[in-house]
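We name chains A, B, ... by the order of the sequence lines, and we start the count at 1 in each one.
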Protein chains: 4
Amino acid sequence: MINKVILVGNVGIDPEVRAIESGVKVARVRLATTERIFNRQTNESTEHTEWHTVILWRGLADVVDRFVRKGSQLYIEGSLRTREWMDKENQKRYTTEIIASDMKLLGKRSDNPAGGQSAGQGGYQPQGGVQGGYAAPASQAGGYAQPAAQPVQPAAAPVVPPAEDPDDLPF
Amino acid sequence: MINKVILVGNVGIDPEVRAIESGVKVARVRLATTERIFNRQTNESTEHTEWHTVILWRGLADVVDRFVRKGSQLYIEGSLRTREWMDKENQKRYTTEIIASDMKLLGKRSDNPAGGQSAGQGGYQPQGGVQGGYAAPASQAGGYAQPAAQPVQPAAAPVVPPAEDPDDLPF
Amino acid sequence: MINKVILVGNVGIDPEVRAIESGVKVARVRLATTERIFNRQTNESTEHTEWHTVILWRGLADVVDRFVRKGSQLYIEGSLRTREWMDKENQKRYTTEIIASDMKLLGKRSDNPAGGQSAGQGGYQPQGGVQGGYAAPASQAGGYAQPAAQPVQPAAAPVVPPAEDPDDLPF
Amino acid sequence: MINKVILVGNVGIDPEVRAIESGVKVARVRLATTERIFNRQTNESTEHTEWHTVILWRGLADVVDRFVRKGSQLYIEGSLRTREWMDKENQKRYTTEIIASDMKLLGKRSDNPAGGQSAGQGGYQPQGGVQGGYAAPASQAGGYAQPAAQPVQPAAAPVVPPAEDPDDLPF
DNA sequence: TTTT
DNA sequence: TTTT
């Protein structure tokens, strides 16, 4: 019914961005979330790093392609999906991934490893996340063919756009 | 950048559902979230109930209209919005509301006060939430004119629909 | 940095509840989240069910033991953890689980399969979730030895208890 | 039952940090969340900024005091609370605030306005959030009297610390 | 494999 | 009142 994941962490390695046959773009990001764990018994503090595999489609994959690099700090919202696959010994294996529905680049523009070279071409927009989903027109999703020349697409529709003036509720 | 609210609670009074001039439907729901607070000093347990005003547009308002009543248990996802208005003394006042982007009816079908009478007319679908937003075709949003005769619309697009087969990632 | 999962779904099979050598209780719950997916191209609606493995420790495991059964509807909050293990062929395998930090029983008391028989013994408390973590006194966590005779423990500390009167902020 | 807010945004003005009579520290932060709204009808993109008032107690207030300034980018998790108060005309007014249960400083160390001067004194720890609640020993919460000389306290207990080895589940 |  |  509800299957929601929220992550804030750092990218461990430069993302992989590909296109499937239909031309739709997809990205794979390895994200680390590190937490400090304080053991009350021993009064010691240890650290645990959890590694997540995040899959991003279409517009989100495009933003990954342009702006996300090893070290980038990201906010990710998505859902869990466990895929079944066959290994070389023909045995069933399972992999759990996060399918992203929203992504934001965190920190200042200058923090971003990819921020520099794309200036003046649409540029870096850490505040302008792009939401995935069918809402995005196909023309935006297929933008992988002309990567940096076009401006960054406007973000997808807001969460719940009021039909008219939000300050004009009939209550 | 991220403005997200998640609530699970009970509806305090039958919702108000209206349409604005354009015909777009909007609902207002008062939702209670009760938490048990345990005071470690006194070893006493008290209860606090927080009341939230949730605004739901279009398809979500329609589901409220059909299935939500006083006592309904709901999952709400949305964002905070503080509106400014003028009181009778012409003084600025502020009201904070949650603009819903997703809603789910919780519990069993038989729990729902409105579940009974609408059976056979499209019916109760506690598992099928409807997401708000521009993604919903206008024809669905304007469904308030012919309320119960049409089937419950299929839920809005999933969070991030892969372009093709989710099990056929190029990685 | 942030590793958060929120699930609302139904339990697929009666939970397993065990104790490890130290006597600490732990539960394993299989939870289904079903979503309706609407394909805009084909105008068809399909359904996808995702299965999650949720691990609950101490007080939460105790509540699972008493009140959660196949069919129960739950709210779960937790974090992702991927464990490494060796299969029979001595090959590395990975399993991703959700370590719960909060759980709530949803729906009405009468919805709950375990609600009936435990009445008068501490009883069902769908509104009183128990939060995990070291915050819970050991005496509560170890309560598995005297299961149903003691009352349900008061919920763990609230999220952020103000030191004094919440209505007496110095701002 | 569940009353949860998640925010990522920028601080609009230097926080106010006070102590109440008991000596407990409390902070008030004004946080902006800006979203880009794309109007599909007009094909125009506008921006909306929502301002939130976040209240942080004890250890979290202490971290605010040391590291948060106008411009800081923050992750906030908390719950909604609407307070009632009397204005000068003795009329009831309502104010909705977010009571924080977790906070993280986002971006790189060097992004943080307060990062510079406190180096070598316990210093900036953007990765080490501090969670609120009674779980924090009073000695940490009352640290406002000796502000910068003591090291930043270790973060509060992790979400759900397994009793023993997380890799030694009995399932 | 990131970050502090 | 922030940020882009």
Novice: Take the protein atom CD1 of C:I2 and the nucleotide atom C1' of E:dT2, then report the distance between them rounded to whole Å.
Specialist: 16 Å

Novice: Is the base of F:dT3 touched by the side chain of D:T49 through a donor-acceptor pair closer than 3.5 angstrom?
Specialist: no

Novice: Which nucleotide in the list F:dT2, E:dT2, E:dT4 gets nearest to the side chain of D:R109?
Specialist: E:dT4

Novice: Give the rounded distance in Å between these two atoms: CG of A:D14 and P of E:dT3.
Specialist: 11 Å

Novice: Answer yes or no: is there an ion pair linking C:E84 with C:K92, defined by an N-O contact shorter than 4.0 Å?
Specialist: yes

Novice: Would you mind telling me which of F:dT2, E:dT2, E:dT4 lies closest to the side-chain atoms of D:K108?
Specialist: E:dT4

Novice: Whole Å only: how far is the OH atom of A:Y75 from the C1' atom of F:dT4?
Specialist: 18 Å

Novice: Output all residues satisfying side-chain hydrogen bond (donor to acceptor under 3.5 Å, both in side chains) with A:D87, sequence neighbours left out; order by chain, then residue number.
Specialist: A:R93

Novice: Would you mind reading off the distance between A:E50 atom CD and E:dT3 atom C1', rounded to a whole angstrom?
Specialist: 15 Å

Novice: How would you label the contact of A:T33 with the nucleic acid (heavy atoms, under 4.0 Å): base, sugar-phosphate, or nothing?
Specialist: nothing

Novice: Apply salt bridge (charged side-chain N to carboxylate O under 4.0 Å, His left out) to D:E47 and list each qualifying residue two or more places apart in sequence or on a separate chain.
Specialist: D:R36

Novice: Check the distance between E:dT2's P and A:L74's CG and give it to me in whole angstrom.
Specialist: 15 Å

Novice: My understanding is that only one of A:V54, A:L80, A:I99 makes a side chain to side chain contact (heavy atoms under 4.5 Å, CB included) with A:V5; could you say which?
Specialist: A:L80

Novice: Atom CZ of A:R36 to atom P of E:dT4: distance rounded to whole Å?
Specialist: 13 Å

Novice: Nearest whole Å is fine: how far is F:dT3 C1' from D:E35 CD?
Specialist: 14 Å

Novice: Name the closest nucleotide to the A:E47 side chain, picking from F:dT4, E:dT4, F:dT2.
Specialist: E:dT4

Novice: For the pair made of NZ in D:K70 and P in F:dT2, what is the distance, rounded to whole Å?
Specialist: 5 Å

